[in-house]
Amino acid sequence: MFLPPAIIAVLAHFQPAFSRPTFTKVRVLVMGALLTRGRHTVAAALRHMGLHATPHWSKYHHVLNRAPWSALLVSRILLKLVLATFVPAGGTVDLVIDETLERRWGPKITKRCQWRDSRLSSHQMNVTTSGLRWVVMAVVVPLPWTSRRWALPFLSVLATTPKVSSQLQQRHKTVPRFAQQMVKLVRRWVPDAAIRVAGDTAYSVIELGTVCQQADVALIAPLRLDARLFAPPPATKARTGRPRVVGQRLPPLRVVLTDPHTAWREETLLWYGGTAKTVDVTTGTALWYSTGMTPLPIRWVVVRDRQGTAVNRAFFSSAVEQPAAAIIIAFVQRWCLEVTFEEGHAHLGLETQRQWSDRAIARCTPALVGLFSLTTLVGQALDPDGAIPIQTTAWYPKHQATFSDVLVGVRQAFWNNLSFQTSPSEGDMVVVPRIVLTRLAYAVCT
């Protein structure tokens, strides 16, 4: 197996996570997955690598369902590599977290649950689908070949419903609880960097914000317009009873939104799709409190659309000193992860794998999600100046490279690295071995 030096250098970072025999098979599966189009199965990867006749094909399945290696160690290596490649020293690490549904069926998949299918559901109708729900955390980074930021996943955790957790005799964990553990894990991996994490409404939870503050991580998420916000407690202590944890209750944000005395400030911000949008912004600080919980100091931000075409929304940050514009921009970047999920379905075979054992499922899907980040790293190593060739057509002009362009560049680098004998009589002719011709024909026809 001949690999370009740039690809070898990227994959070498992951060698400490595996034994030598396992790492040899991992390299085969990774390159086979990058070359595969359509269903991303172990068998398809072996066919694209020319190993369809190997008598020890089952050992490649053992990498996923039997071999002893730590997925958390691989996630840590991937995160460190992404930060070293794309985040400048001393820069802020922007994380986004969201869930994605892997639609799967089969009685042997023990953690399969019924989940709301956001792709098929609407405000008027809820559609549930059998599958696996993954909580994914990614780093949002700038890239040299595009003006848009990409979300590079590095950590994925499988969530279950209370019913399935009870059937498996496991303690049930909610999505915010998984997020708490993931934030603590990242802080342990990256102890000195400034970190902020953005999530959607599912992560708008006081307990998660408290954990983030304790870990010195800024949590950014939407805030309900009827959230219970309070002023700080009075400095003077009451003569009797427990000391107050909050002060006077503040007007809800829906009142702030309609109050004619609210001071609005015009801001032009980087919006969805890489465009600029002018909105009205007002902000303040408060204690977000619910009975029985520790009050969470936050900076709240209310955004009002000047054109009246979008829904007015509120956000919060657990970092009180963070500017309002930075909070909004950080939340808008969360959409980059949705783009990553779509690219994973289109090019990396998400929902096409066929593993059914618990260990193989726990490894295969996170590996395919992380393959998006690995492909980006390899593309950067192949073209460090960002001059990635753009695949354009007459009906679809492009001015910036997309993930499909990066993937095409990685595939071409692999195929062009194969060595062939030249014909002694014809300088432009090469002798292609039959096994390589079979691989090329299979790659073209699938």
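Just so you know, these numbers use all the heavy atoms, side chains as well, and skip hydrogens, waters and symmetry mates.
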> Judged by atom type as modelled, is there a donor-acceptor pair below 3.5 Å linking the side chain of Ser204 to the main-chain atoms of Leu223?
Replying inline: no
> Is a donor on one side and an acceptor on the other found under 3.5 Å between the side chain of Ser70 and the backbone of Leu73?
Replying inline: yes
> Quick one: does Leu158's side chain get under 4.5 Å of Arg133's, heavy atoms only?
Replying inline: no
> What do the steps show when you test Thr85 against Gln380 for side chain to side chain donor-acceptor pair (under 3.5 Å), and what is the final call?
Replying inline: CA-CA 8 Å; Thr85 305; Gln380 171 69 17; over 6 Å; no
>> Does Arg359 form a side chain to side chain donor-acceptor pair (under 3.5 Å) with Asn65? I'd like the steps, not just the answer.
In response: CA-CA 5 Å; Arg359 176 174 285 186; Asn65 60 27; over 6 Å; no
> Do you know the tightest heavy-atom contact between Thr392 and Lys398?
Replying inline: CG2-O, 3.6 Å
> Are any non-hydrogen side-chain atoms of Val82 and Phe154 less than 4.5 angstrom apart?
Replying inline: no
> After noting the C-alpha distance and the side-chain angles of Glu343 and Leu348, does the key distance pass the side-chain contact (heavy atoms from CB on, under 4.5 Å) rule?
Replying inline: CA-CA 7 Å; Glu343 297 284 11; Leu348 300 179; over 6 Å; no
> So does Arg354 have more than 12 non-hydrogen atoms from other groups sitting under 6.0 Å from CZ?
Replying inline: yes
> Can you name the nearest heavy-atom pair linking Asp405 to Ile388, along with the distance?
Replying inline: O-CG2, 4.0 Å
> Between Trp300 and Phe316, is the ring centre distance below 6.0 Å?
Replying inline: no
> Is there side-chain contact between Val136 and Leu155, with heavy atoms separated by less than 4.5 Å?
Replying inline: no
> Should the heavy atoms of other residues, nucleotides or ligands under 6.0 Å from CZ of Arg37 be counted, would the total exceed 12?
Replying inline: no
> Rounded to the nearest 0.5 Å, what separation is found between the CG atom of Leu371 and the CG atom of Leu34?
Replying inline: 4.5 Å
>> Between Leu81 and Phe14, is there a side-chain heavy-atom distance shorter than 4.5 Å?
In response: yes
> Step by step, would you call Trp134 with Glu99 a side chain to side chain donor-acceptor pair (under 3.5 Å)?
Replying inline: CA-CA 5 Å; Trp134 296 91; Glu99 313 96 65; over 6 Å; no
> Do you see a donor-acceptor pair shorter than 3.5 Å between the side chains of Thr128 and Asp117?
Replying inline: no
>> With side-chain hydrogen bond (donor to acceptor under 3.5 Å, both in side chains) as the rule and sequence neighbours excluded, what pairs involving residues 183-195 come up?
In response: none
>> Tell me whether Arg334 forms a cation-pi arrangement with Phe331, defined as NZ or CZ under 6.0 Å from the six-membered ring centre and within 45 degrees of its axis.
In response: yes
> Does the side chain of Gln114 come within less than 4.5 Å of Thr129's, by heavy atoms?
Replying inline: no
> How many angstroms lie between CD in Glu351 and CZ in Arg103, if you round to the nearest 0.5 Å?
Replying inline: 4.5 Å
> Say you draw a straight line from CD1 of Ile195 to CG of Leu219; how long is it, rounded to the nearest 0.5 Å?
Replying inline: 12.5 Å
>> Between Val302 and Phe315, does the side-chain contact (heavy atoms from CB on, under 4.5 Å) criterion hold? Intermediate values first, please.
In response: CA-CA 6 Å; Val302 178; Phe315 309 97; over 6 Å; no
>> Test side-chain contact (heavy atoms from CB on, under 4.5 Å) on Val42 and Gln355; report intermediate values, then the result.
In response: CA-CA 9 Å; Val42 173; Gln355 285 78 15; 3.9 Å; yes
>> On a heavy-atom basis, which atom in Leu350 and which in His345 lie closest, and how many Å separate them?
In response: O-CD2, 3.8 Å
> Once you round to the nearest 0.5 Å, how far does CG of Leu382 lie from CD1 of Ile7?
Replying inline: 5.5 Å
>> side-chain contact (heavy atoms from CB on, under 4.5 Å), that's the test. Do Leu374 and Val10 meet it? Break it down for me.
In response: CA-CA 8 Å; Leu374 187 64; Val10 173; 3.7 Å; yes
>> Minimum heavy-atom separation for Cys364 and Gln353, please, with both atom names.
In response: SG-CB, 3.7 Å
>> Measuring only between side-chain heavy atoms, which start at C-beta, is Leu29 closer than 4.5 Å to Val63?
In response: yes
>> Please find the pair of heavy atoms, one from Gly199 and one from Pro222, that lie closest to each other, and give the distance.
In response: O-CD, 3.4 Å
>> If we ignore hydrogens and angles and just use 3.5 Å, is the side chain of Arg76 paired with the main-chain N or O of Leu185 as donor and acceptor?
In response: no
> Counting N and O atoms only, with roles assigned by atom type, does the side chain of Asp383 sit under 3.5 Å from a partner on the main chain of Asp385, one being a donor and the other an acceptor?
Replying inline: no
>> Once side-chain hydrogen bond (donor to acceptor under 3.5 Å, both in side chains) is applied, what residue pairs with a partner in residues 154-165 remain, sequence neighbours excluded?
In response: Thr160-Ser165, Ser165-His172
>> For Arg148, I'd like to know if atom CZ has over 12 heavy atoms of other residues, nucleotides or ligands within 6.0 Å.
In response: no
> When rounded to the nearest 0.5 angstrom, what is the spacing between OG1 in Thr174 and CG in Leu208?
Replying inline: 9.5 Å
> Parallel, tilted or perpendicular: which describes the rings of Trp335 and Tyr272, with under 30° parallel and over 60° perpendicular?
Replying inline: perpendicular
>> Using only atom types and a distance under 3.5 Å, with no angle test, would you say the side chain of His40 pairs donor to acceptor with the backbone of Gly38?
In response: yes
> Is the closest side-chain heavy-atom distance between Glu207 and Val211 below 4.5 Å?
Replying inline: no
> Do Phe86 and Trp150 have ring centres separated by under 6.0 Å?
Replying inline: no
>> For Trp356, is the CH2 atom crowded, meaning more than 12 foreign heavy atoms sit under 6.0 Å from it?
In response: no
> Can you name the closest pair of heavy atoms from Val410 and Gly379 and give their distance?
Replying inline: CG2-N, 4.2 Å
> If you round to the nearest 0.5 Å, how far is NE2 of His62 from CH2 of Trp57?
Replying inline: 8.5 Å
> Within 45° of the six-membered ring axis of Trp69 and under 6.0 Å from that ring's centre, is NZ or CZ of Arg363 located there?
Replying inline: yes
> Could you give all pairs that pass the side-chain hydrogen bond (donor to acceptor under 3.5 Å, both in side chains) test and reach residues 311-332, with sequence neighbours left out?
Replying inline: Ser317-Gln322
>> Quick check: do Ser404 and His347 have side-chain heavy atoms less than 4.5 Å from each other?
In response: yes
>> Can you confirm whether the side chains of Gln400 and Trp145 place a donor and an acceptor under 3.5 Å from each other?
In response: no
> Does any donor atom in the side chain of Thr283 or Arg299 lie under 3.5 Å from an acceptor atom in the other side chain?
Replying inline: yes
>> salt bridge (Lys or Arg N to Asp or Glu O under 4.0 Å) for Arg196 and Asp94? Distances and angles first, verdict last.
In response: CA-CA 5 Å; Arg196 58 187 179 191; Asp94 284 315; 2.3 Å; yes
> Just checking, any donor-acceptor pair under 3.5 angstrom between side chains of Ser19 and Thr22?
Replying inline: yes
>> Given Lys277, which partner from the list Val303, Leu269, Thr268, Asp305 fulfils the side-chain contact (heavy atoms from CB on, under 4.5 Å) test?
In response: Asp305
